[in-house]
Amino acid sequence: MGGLDVKIWFSQDDFKEYGEGITGKEIIKRDFPELSKEVVGLKVNNELIDLHTPIKKDSRIEFVRLGDKGSEEIYRHTLSHVMAQAVKRLFPDTKLGIGPTIENGFYYDFDIPDRISDDDLPRIEEEMKKIVDADLEIERFELPRNKAIEKLREMGEIYKVKLVEDINDDVVSFYKQGDFIDLCKGPHMPSTGWIKNFKLLNVSGAYWRGDERNPMLQRIYATAFVTKSALEEYLKVMEEARKRDHRKLGTQLDLYSFHPDVAPGMVFFHPKGLVVKNELIRVWRDKHHEKGYQEIQTPLILNESLWRRSGHWDHYKNNMYFSKIDNATYAVKPMNCPGHIIIYKSKMRSYRELPIKFSELGIVHRYEKGGVLHGLMRVRGFTQDDAHVFCTEEQIKEQIIEIIEIIDYLYGLFGFSYNMELSTMPEDHMGDEKTWDKATVELKAALNSTGKEYVINEGEGAFYGPKIDFHIKDSIGRLWQCGTIQLDFLMPERFELTYIGADNKEHRPVMIHRALYGSLERFMGILVEHFGGAFPTWLAPIQVKILPIADRHFEYARAVASKLDSERIRVEVDARDRKTSYKVREAQIEKVPYMAIIGDREVSNNTIAIRLRSGKDIGPQPLDSFINKIKEEIETLSLTSAYE
RNA sequence: GCCAGCGUAGCUCAGCUGGAAGAGCAGCUGAUUUGUAAUCAGCAGGUCAUGGGUUCGAAUCCCUUCGCUGGCUCCA
């Protein structure tokens with residue numbers, strides 16, 4: 001340790017002096033031995049470090065106890081080392097890749113000569129437990145860059161060598177526990193005995209540095225939490241997500257199906273699934289009508305020249321489907337914008353018409369790599385709730401604000417909260433930076449005026465303009481990207497769009513591309529999982545299921561059904577020869593909001609006995625009063641039952 | 001596309017180290033007339049994803065193709 005003293009401040013007026021390079025571990029050992037079982041790290045001048053890292057200058061420190069903010073990071077990081085150590089014990093020829101912490105856990109990439117599978121995970125977990133039980137002391141040491149490279153070469157850690165070569169610092173740090181040594185910047189726990197709450201999840205392939213030209217390593221994913229209850233809670237949510245899987249529920253509820261042999265990445269909507277989709281469209285149309293949108297329809301297949309002019313040919317060709325007809329090349333549309341532009345250009349436009357808002361439920365096709373297709377969430381053909389607003393530059397801000405209002409309304413219908421992200425100019429882009437800056441400034445102004453928080457993603461915009469993305473949060477806390485608003489100064493330029501201004505001169509309009517659900521298919525998948533298949537009544541494919549007890553009740557049941565049907569309530573009669581309890585069970589599994597049981601009592605009193613899918617028995621209700629209640633529930637797009 | 005796992009009846013799955021393709025649910029037929037999460041009986045249903053190979057013999061072992069599932073830069 002150096003001779004110079006450093007002052008360590010524990011609070012405003014409480015400090016102690018130590019030798020330079022003192023570590024948290026030493027401070028605790030010397031002056032706070034009672035904390036040695038609790039503290040796992042330090043916040044030094046607000047930066048998280050572990051107890052192994054030397055402190056070289058006067059600092060203000062706070063102790064980070066297990067369970068405090070930041071401790072999870074340390075916990076998981078050390079576990080990734082423990083996993084690496086276990087894997088190296090079981091597969092000695094393993095070379096290490098990287099092992100970062102991630103949301104809810106961590107992973108480590110290995111180059112293992114043997115192929116491992118999920119079946120190997122229990123063995124690895126066992127080995128990890130041994131390392132934890134041994135409570136190995138963790139040590140940190142530093143080496144000059146060239147020495148570090150030399151050492152890693154000797155160890156045969158070729159990937160680590162590459163990592164160090166890319167690091168600019170003169171000195172790099174290593175961590176050691178038992179006979180395991182790894183290049184690492186930390187932070188790490190004091191020893192391996194602390195980290196008991198983890199579970200290995202799965203094995204997968206992952207390219208070195210995510211580049212498909214690099215060798216593929218084997219990645220092991222794991223989850224870990226500081227407390228046992230948090231780990232169990234997380235595993236429960238994962239289990240819940242599995243149960244709600246929209247692919248499973250889609251088959252069970254007879255909503256849609258997939259037939260990859262005839263149409264990979266495409267959806268077949270069954271009658272009940274289409275009811276849901278059409279309801280989504282209905283509320284969407286109503287809102288757009290209210291906001292002055294005009295719905296249009298443009299062709300699915302358009303000539304190559306259009307796509308060249310729009311820039312898709314240069315920037316989006318790899319995702320497009322093509323077809324040759326009469327010696328000309330046509331492309332299946334991956335986006336609707338060029339079609340909308342054609343309609344805009346079909347006649348002269350005046351400033352008095354602006355903003356022009358064209359909406360279209362356009363069916364678009366985008367080629368996606370086979371491996372990424374996933375139920376309704378990632379498909380090759382889908383319905384986009386697209387719209388393009390053609391307006392003047394002065395109108396941009398108010399138009400963006402209006403779109404955010406519509407989004408707020410639509411997402412609210414399903415009980416989603418959401419957050420917003422602004423993405424700026426990507427590397428592959430059209431147009432000059434000045435135009436991009438102007439567009440970005442406009443979007444920021446609109447976002448700021450909503451008073452809501454948003455995040456900025458540098459370089460994530462579309463090739464023709466910056467954008468705002470909307471992420472919704474579902475009922476089990478997962479985030480989904482849905483809506484998007486994209487500002488575009490370039491397409492109007494390319495297509496030489498004009499309007500005649502009050503000065504009788506030609507001007508260039510601005511285009512705003514926007515989708516709110518994003519993809520109707522995907523949004524529906526999200527809804528299925530969000531509601532676990534139990535749609536609110538207005539969305540439910542069948543809203544009332546009538547369950548007559550015996551044959552003699554069929555006539556009355558059918559009369560009730562036809563009455564409900566005439567009130568535009570979606571109703572089904574279960575006239576099968578089964579016991580009532582059986583019919584109730586089936587309706588329950590189908591998650592029909594209302595069951596109407598009909599027996600002798602109901603027939604003679606002109607009532608129906610209502611049971612909710614929650615299991616609640618409401619008992620006999622006069623038919624008219626039921627109709628009034630449910631109609632109101634449907635018309636107000638209520639998320640909850642009128643009887644609960 | 002790449003890595004790993006998987007593909008048996010409409011659905012969920014069993015089928016061991018190779019030796020006659022099974023169950024439950026759903027469907028159909030009949031009995032039963034049922035009061036809030038599964039009435040009983042019978043019948044029917046399969047080129048074991050595909051093509052090839054090993055073998056006296058393959059759902060099972062090996063290879064090909066197709067498909068599905070989980071992943072494929074939250075950087076030491």
Side-chain angles (χ1 to χ4, degrees), chain A residues 73 76-77 80-81 84 96-109 111-112 114-121 148 152 157 159-167 169 172-175 182-186 201-221 242 245 247-248 251-252 254 257-262 264-265 318 368-375 545 547-554 576-590 595-602 609-613 615-620:
Chain A
E73 161 90 15
R76 288 172 179 160
H77 206 134
S80 86
H81 276 211
L96 303 176
I98 59 167
T101 57
I102 52 174
E103 201 186 341
N104 301 321
F106 61 93
Y107 67 78
Y108 213 117
D109 286 344
D111 185 351
I112 312 176
D114 307 88
R115 294 273 164 242
I116 57 168
S117 73
D118 291 351
D119 300 337
D120 295 307
L121 295 182
L152 289 166
E157 294 293 355
Y159 300 97
K160 296 286 182 186
V161 170
K162 286 184 200 161
L163 288 173
V164 181
E165 282 170 353
D166 286 350
I167 296 174
D169 306 344
V172 297
S173 58
F174 286 80
Y175 282 82
D182 194 3
L183 170 78
C184 185
K185 72 175 170 193
L201 297 177
N202 53 15
V203 178
S204 78
Y207 297 105
W208 168 241
R209 297 195 152 170
D211 188 329
E212 58 189 5
R213 290 166 302 194
N214 286 336
M216 180 161 278
L217 308 180
Q218 300 188 74
R219 174 173 297 179
I220 301 177
Y221 280 95
R242 259 193 294 279
D245 189 316
R247 291 163 300 183
K248 242 192 151 89
T251 318
Q252 212 173 302
D254 198 15
S257 56
F258 301 94
H259 303 273
D261 45 332
V262 292
N318 291 340
E368 301 274 2
K369 288 180 180 178
V372 304
L373 299 177
H374 178 90
K545 193 143 184 177
L547 313 180
I549 290 171
D551 294 5
R552 63 178 179 279
H553 309 122
F554 284 3
R576 293 175 305 173
D577 173 20
R578 307 297 300 241
K579 280 171 65 171
T580 309
S581 57
Y582 180 88
K583 294 181 182 180
V584 167
R585 180 186 142 83
E586 285 236 316
Q588 196 87 39
I589 288 167
E590 283 171 45
M595 287 162 238
I597 291 126
I598 285 173
D600 292 335
R601 286 203 295 274
E602 286 71 25
I610 297 299
R611 177 190 161 106
L612 309 184
R613 64 183 159 200
K616 202 166 169 185
D617 186 357
I618 305 297

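This one's a predicted model, so the numbers in the text were calculated from it and none came from an experiment. In what follows, every chain begins at residue 1, and chains take the letters A, B, ... in the order their sequences are listed.
For Ile167(A), the listed nucleotide lying nearest its side chain is rA76(B); candidates were rA76(B), rG1(B), rA38(B). When the nucleotides rA76(B), rC68(B), rC74(B) are ranked by their closest atom to the side chain of Pro260(A), rC68(B) comes out on top. The nucleotide whose nearest atom lies closest to any side-chain atom of His374(A) is, among rA76(B), rC2(B), rG70(B), rG70(B). Side chain of Arg219(A), nearest nucleotide from rG35(B), rU73(B), rA37(B): rU73(B). Of the listed nucleotides (rC3(B), rG35(B), rA76(B)), rC3(B) has the atom at the smallest distance from the side chain of Met216(A). Comparing rG5(B), rC68(B), rC72(B) against the side chain of Ser117(A) picks out rG5(B) as the nearest. Side-chain atoms of Ile597(A) lie closest to rG35(B) of the nucleotides rG71(B), rG35(B), rG1(B). The side chain of Ile98(A) has rA76(B) as its nearest neighbour among rU36(B), rA76(B), rG70(B). Among the nucleotides rA37(B), rC2(B), rU33(B), the one closest to any side-chain atom of Arg585(A) is rA37(B). Nearest nucleotide to the Lys185(A) side chain, out of rU36(B), rA76(B), rG35(B): rA76(B).
Side chain Tyr107(A) to base rG71(B): no donor-acceptor pair is found below 3.5 Å. Interface remark: the Glu368(A) side chain does not form any donor-acceptor pair with the rG1(B) base, using a distance-only criterion of under 3.5 Å.
Rounded to an integer number of Å, the gap from Leu373(A) CG to rG1(B) P is 10 Å. Atom NE2 in His259(A) sits about 13 Å away from atom C1' in rG67(B), given to the nearest Å. With rounding to whole Å, Gln252(A) atom CD is found 12 Å from rC13(B) atom P. Rounded to whole Å, atom P of rA26(B) lies 16 Å from atom CG of Asp254(A). Between the P atom of rC74(B) and the NE2 atom of His77(A) lies a distance of 15 Å, rounded to the nearest Å. Rounded to whole Å, atom P of rC75(B) lies 13 Å from atom CD of Glu103(A). Atom C1' of nucleotide rA37(B) and atom CG of Leu547(A) are separated by 12 Å, given to the nearest angstrom. Between the NZ atom of Lys579(A) and the P atom of rA38(B) there is a distance of 8 Å, rounded to whole Å.
Comparing the P positions of rG57(B) and rA20(B) gives a spacing of 15 Å, expressed to the nearest Å. For the C1' atoms, the distance from rU8(B) to rG46(B) is 8 Å, rounded to whole Å. Taking atom C1' in both rC61(B) and rG19(B), one finds a spacing of 15 Å when rounded to whole Å. Between the P atoms of rU32(B) and rA41(B), the separation comes to 16 Å (whole Å). Atom name P, nucleotides rA59(B) and rU50(B): the rounded distance is 11 Å, in whole Å. Taking the C1' atom of each, rA44(B) and rC63(B) are spaced 37 Å apart, rounded to whole Å. Of the P atoms belonging to rU39(B) and rG24(B), the separation is 16 Å, rounded to the nearest Å. Rounded to whole Å, the separation between the P atoms of rG42(B) and rC48(B) comes to 27 Å.
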(Q) Checking Thr580(A) against Tyr582(A) for the side-chain contact (heavy atoms from CB on, under 4.5 Å) test, could you report, in this order, the C-alpha distance in whole Å, the side-chain angles of both residues, the deciding distance, and whether it holds? (A) CA-CA 5 Å; Thr580(A) 309; Tyr582(A) 180 88; over 6 Å; no
Q: Just do the side-chain contact (heavy atoms from CB on, under 4.5 Å) check on Leu547(A) and Val584(A) with the steps written out, would you?
A: CA-CA 8 Å; Leu547(A) 313 180; Val584(A) 167; 3.8 Å; yes
Q: Evaluate the side-chain contact (heavy atoms from CB on, under 4.5 Å) criterion for residues Arg613(A) and Glu590(A): first the C-alpha distance (whole Å), next the side-chain angles of each, then the deciding distance (0.1 Å), finally the verdict.
A: CA-CA 9 Å; Arg613(A) 64 183 159 200; Glu590(A) 283 171 45; over 6 Å; no
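For rC72(B), neither phosphate oxygen OP1 nor OP2 lies less than 4.0 angstrom from any side-chain nitrogen or oxygen of Arg209(A). Residue Tyr582(A) places at least one side-chain N or O closer than 4.0 Å to OP1 or OP2 of rA26(B). Close to rU69(B), at under 4.0 Å from its OP1 or OP2, lies a side-chain N or O of Arg247(A). In this structure, Arg578(A) reaches the rU39(B) phosphate: one of its side-chain N or O atoms is under 4.0 Å from OP1 or OP2.
Shown here is Arg576(A), whose CZ atom has more than 12 heavy atoms of other residues, nucleotides or ligands within 6.0 Å. Residue Lys162(A) qualifies as enclosed at atom NZ: its count of foreign heavy atoms under 6.0 Å is above 12.
When heavy atoms are screened at a 4.0 angstrom cut-off, Arg576(A) is found touching the sugar-phosphate backbone but no base atom. Across all strands, Val164(A) comes closer than 4.0 Å to no nucleic acid atom at all (heavy-atom distances). Base contact: Arg601(A) has a heavy atom under 4.0 Å from a base atom. Counting non-hydrogen atoms under 4.0 angstrom, Asp211(A) reaches nothing in the nucleic acid. Within the nucleic acid shown, Asp118(A) has no heavy atom closer than 4.0 Å to any nucleic acid atom. Glu165(A) comes within contact range of no nucleotide atom at all, as no heavy-atom separation falls under 4.0 Å. Using a 4.0 Å heavy-atom distance criterion, Tyr221(A) is classed as a sugar-phosphate-only contact. Counting any heavy atom pair closer than 4.0 Å across all strands shown, Ala609(A) reaches a base atom. Using a 4.0 Å heavy-atom criterion, one finds that Gln218(A) contacts no nucleic acid atom at all.
When both pairing distances are held under 3.5 Å, rG70(B) makes a Watson-Crick or G-U pair with rC3(B). The nucleotide rG45(B) finds no pairing partner, because no Watson-Crick or G-U wobble arrangement with both distances shorter than 3.5 Å includes it. Searching all strands for a Watson-Crick or G-U wobble partner of rA58(B) with both distances below 3.5 Å returns nothing. In a base pair of the Watson-Crick type (N1 to N3 plus N6-O4 or O6-N4) or a G-U wobble (N1-O2 and O6-N3), with each distance short of 3.5 Å, rA37(B) is matched with no nucleotide. Pair assignment for rG24(B) gives rC11(B), based on Watson-Crick or G-U wobble hydrogen-bonding distances that are each under 3.5 Å. Pairing partner, rU64(B): none, since no Watson-Crick or wobble contact has both distances short of 3.5 Å.
Residues Leu373(A) and Phe258(A) are not in side-chain contact: their nearest non-hydrogen atoms beyond the backbone lie 4.5 Å or more apart. Residues Val203(A) and Asp120(A) fail the side-chain proximity criterion, which asks for heavy atoms closer than 4.5 Å. Ile597(A) has its side chain within reach of Arg611(A): a pair of non-hydrogen atoms, C-beta onward, lies under 4.5 Å apart.
The existence of a salt bridge linking Asp166(A) and Arg209(A) is confirmed by a sub-4.0 Å separation between a basic side-chain nitrogen and an acidic carboxylate oxygen.
Checking Tyr221(A) against Arg219(A) by side-chain atom types alone, a donor-acceptor pair falls below 3.5 Å.
Mapped onto RNA chain B by nearest heavy atom, Val172(A) and Val584(A) fall at different nucleotides, with Val584(A) at the one closer to the 5' end.
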